[in-house]
Undergrad: 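Structure below; questions to follow.
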Amino acid sequence: MAVPAVVVLDFETSGLSPAQGDRAIEIGAVLLRGGEVVDQFQSLMNPGFRVSGFIENYTGISNAMLAKAPPCAEVMARFAGFIRDLPLVAHNASFDGRFLAAELQRIGAAPPGRFACTMLNARRIFPGAPNHRLETLVDYLRLPRPEAFHRALADARMAGAVWLRTEAEITARYRIDPVPFEWMRRLGSVPKHRVEAFFQPGPA
DNA sequence: TGCCAGGCCCTCTTTAGGGCCTT
């Protein structure tokens with residue numbers, strides 16, 4: 001069975017809440033198909049105001065860099081074409097989902113569809129990790145460390161690697177096909193403490 | 001540096017509170 005493609009994305013933003021006026025300042029994403037990155041998207045975007053010193057330090061994205069970047073609307077229009085109607089994945093998807101929905105709404109584009117969360121999956125599948133921050137999971141799962149953290153494309157690549165490792169673990173542990181969102185639906189439908197009971201190994 | 005928000009999940013819970021995770 002062909003494994004459907006997914007887009008793993010990550011936003012850098014001016015803060016934590018689009019409802020409080022925060023905006024996206026960078027988008028990074030990878031298109032995964034057949035367990036591999038087959039395409040990618042990355043762009044800074046100018047939110048129209050200066051970001052705080054904390055955000056400059058946290059992301060390494062300066063106001064000077066943003067001043068030269070295209071506006072959010074232009075970037076998000078191109079990004080909407082990149083994701084089309086593909087299922088989406090992010091680490092702490094509730095965060096990226098809010099910003100994606102807000103930025104798409106600003107340009108009159110269709111809202112995002114299915115959105116899976118590598119953090120929630122990791123909490124279920126890798127409960128022994130020290131914590132479930134993206135950077136910690138990369139080390140815990142012995143995945144290649146990126147050249148930078150807290151930049152959109154690097155974080156999207158890491159989240160993609162965590163996603164693939166989680167799929168592989170589920171496939172090996174529960175012997176179900178790695179069909180995105182089918183196992184997500186099943187996994188998300190039961191409380192954490194019942195996951196082991198829910199997935200009974202299939203016939204050898 | 002850590003607050004701002006919001007969803008998930010745990011527990012000394014469920015008529016609630018607080019930690020985690022994202023920038």
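In what follows, chains are A, B, ... by sequence order, proteins preceding strands, each numbered from 1.
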Undergrad: Considering only the C1' atoms, how many Å lie between B:dT1 and B:dG17, rounded to the nearest integer?
TA: 25 Å

Undergrad: Answer with base, sugar-phosphate or nothing: what part of the nucleic acid does A:F11 contact at a heavy-atom distance below 4.0 Å?
TA: sugar-phosphate

Undergrad: Can you check the distance between B:dC21 and B:dT15, where both ends of the measurement are the C1' atom (answer in whole Å)?
TA: 28 Å

Undergrad: Please measure how far the P atom in B:dC12 lies from the corresponding atom in B:dA5, and state the result in whole Å.
TA: 28 Å

Undergrad: Which residues pass the ring pair (Phe, Tyr, Trp, His ring centres under 6.0 Å) test with A:Y140, sequence neighbours left out?
TA: none

Undergrad: So does A:R124 get a side-chain nitrogen or oxygen closer than 4.0 Å to the phosphate oxygens (OP1/OP2) of B:dC9?
TA: yes

Undergrad: Across the strands shown, which category fits A:N57 at heavy-atom distances under 4.0 angstrom: base, sugar-phosphate, nothing?
TA: nothing

Undergrad: For a quick check, tell me whether the side chain of A:R123 and the base of B:dC9 share a donor-acceptor pair closer than 3.5 Å.
TA: no

Undergrad: Within this structure, what is the CG-to-C1' distance between A:N121 and B:dC8, rounded to whole angstrom?
TA: 12 Å

Undergrad: Could you work out the separation of B:dG2 and B:dG6 based on their P atoms and round it to a whole Å?
TA: 22 Å

Undergrad: If I pick the C1' atom on B:dC8 and the same atom on B:dT14, what distance separates them, to the nearest angstrom?
TA: 16 Å

Undergrad: Would you say A:H132's side chain and A:R124's backbone share a donor-acceptor pair under 3.5 angstrom?
TA: no

Undergrad: Distance check: side-chain N/O of A:H132 vs OP1/OP2 of B:dC21, anything under 4.0 Å?
TA: yes

Undergrad: Report which part of the nucleic acid A:S14 touches: base, sugar-phosphate, or nothing (heavy-atom distance under 4.0 Å, all strands).
TA: nothing

Undergrad: Mark yes or no for whether A:R157, through its side chain, and A:P146, through its backbone, hold a donor-acceptor pair below 3.5 Å.
TA: no

Undergrad: Side chain of A:M119 only, heavy atoms from C-beta on: which candidate in B:dG6, B:dT23, B:dC21 is closest?
TA: B:dC21

Undergrad: For A:F115 and A:V89, work out which heavy atoms get closest and say how close.
TA: CE2-C, 3.7 Å

Undergrad: Among B:dC8, B:dA5, B:dC21, which nucleotide sits nearest the side chain of A:L120?
TA: B:dC8

Undergrad: Pick base, sugar-phosphate or nothing for A:D96, based on heavy-atom distances below 4.0 Å to the nucleic acid.
TA: nothing

Undergrad: CD of A:Q20 versus C1' of B:dT22: gap in Å, rounded?
TA: 15 Å

Undergrad: Picking from B:dA5, B:dT23, B:dC21, which would you name as closest to the side chain of A:R98?
TA: B:dA5

Undergrad: Start at the 5' end of DNA chain B and walk down; is the nucleotide closest to A:F54 or to A:S17 reached first?
TA: A:F54

Undergrad: Take the protein atom CG of A:L137 and the nucleotide atom P of B:dT22, then report the distance between them rounded to whole Å.
TA: 9 Å

Undergrad: Checking all strands, does A:I25 fall into the base, sugar-phosphate, or nothing category for heavy-atom contacts under 4.0 angstrom?
TA: nothing

Undergrad: I'd like to know if the side chain of A:D96 reaches the main chain of A:F11, judged simply by a donor and an acceptor atom lying under 3.5 Å from each other, with no hydrogens or angles considered.
TA: yes

Undergrad: Between B:dC21, B:dT22, B:dC3, which one does the side chain of A:F95 approach most closely?
TA: B:dT22

Undergrad: Calculate the interatomic distance between A:F99 atom CZ and B:dT22 atom P; express it in whole Å.
TA: 14 Å

Undergrad: Nearest whole angstrom, please: distance from the P of B:dG19 to the CG of A:N92.
TA: 17 Å

Undergrad: For A:I125 and B:dC9, give me the distance from atom CD1 to atom P, rounded to whole Å.
TA: 12 Å

Undergrad: Taking the P atom in each of B:dT13 and B:dG19, what is the distance between them to the nearest angstrom?
TA: 16 Å

Undergrad: Have a look at A:D10 and say if it touches a base, only the backbone sugar-phosphate, or nothing, with a 4.0 Å heavy-atom cut-off.
TA: sugar-phosphate

Undergrad: Which heavy atom in A:R23 sits nearest to a heavy atom in A:C72, and how many Å separate them?
TA: NH2-CB, 3.4 Å

Undergrad: Please report the closest heavy-atom contact between A:A5 and A:P87, naming both atoms and the distance.
TA: O-CG, 3.4 Å

Undergrad: Please report, rounded to the nearest Å, how far the C1' atom of B:dT22 is from the CD atom of A:E103.
TA: 16 Å

Undergrad: In whole angstrom, give the distance that lies between atom CD of A:E26 and atom C1' of B:dT22.
TA: 15 Å

